Amino acid sequence: MALSLSAFAQTLVEVTTVAAISSTLDSGLSLPSGTFRAGKGSDAIIARLPDASKFNLEVYGVRGVTANLQPAFVQQILTNFASAGYLLNNQQQDVVSGETRTRYNLSDDSGKAAVLFVVRKGSELVYAFGKAR
């Protein structure tokens, strides 16, 4: 299936926007391909994270092959966090209303916290990440 010119342009804008936003969070953190910034519904995902107000969060969605490769996708993000100085402290997973919610708690050498929150339902994968305020 070939992309129309307008679909290709939209995809290019999404990829460029994601790269620009992620570099403002931390220049050492890049996002996997297939990721796009979530606009509508971002508040609904953030509401699932009880202490969301403690973090500067960005919400992204994943589509295509990346959503089907969730473990590799998460590992790539955690590796990028590690290269930016944030190491995994622990993770918690819950299933609520058919949705799998996984929280990864990270921190840097100074103890500054960061979080990666992944929500998966069927073939949909949405995640939020950010550093403590």
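Model, not experiment: these values are computed from the prediction.
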With a 4.5 Å cut-off on side-chain heavy-atom distances among I, L, V, M, F, W and Y, is there a chain of contacts connecting V119 to V95?
no
Please report the shortest heavy-atom distance between [X] and [Y], naming the atom on each side.
X    : Y    : result
L106 : N89  : C-ND2, 3.6 Å
N80  : S83  : O-OG, 2.8 Å
F55  : A132 : CD2-N, 3.6 Å
L57  : G130 : CD2-N, 3.8 Å

How far does OH of Y86 sit from CG of L116, to the nearest 0.5 angstrom?
13.5 Å
How many angstroms lie between atom CD of E58 and atom OH of Y127, to the nearest 0.5 angstrom?
10.0 Å
Once side-chain hydrogen bond (donor to acceptor under 3.5 Å, both in side chains) is applied, what residue pairs with a partner in residues 110-120 remain, sequence neighbours excluded?
Q70-R120, D108-S110
Test item: V126 and K121 side chains (from C-beta on) under 4.5 Å apart, heavy atoms:
no
My understanding is that only residues two or more places apart in sequence, or in another chain, count here; which of them pass side-chain contact (heavy atoms from CB on, under 4.5 Å) with A82?
L87
Only pairs at least two apart or in different chains count here, so list each salt bridge (Lys or Arg N to Asp or Glu O under 4.0 Å) that has a residue in residues 81-99.
R48-E99, E99-R101
If the plane angle is over 60° it's perpendicular, under 30° parallel, otherwise tilted; pick one for F81 and F129.
perpendicular
Suppose we screen for side chain to side chain donor-acceptor pair (under 3.5 Å). Which residues come up paired with D51, at least two apart in sequence or across chains?
R103
Could you pull out all residues at least two apart from T79 that satisfy side chain to side chain donor-acceptor pair (under 3.5 Å)?
Q75
Show your working on side chain to side chain contact (heavy atoms under 4.5 Å, CB included) between V118 and Y104 and close with a plain yes or no.
CA-CA 8 Å; V118 181; Y104 302 87; 4.0 Å; yes
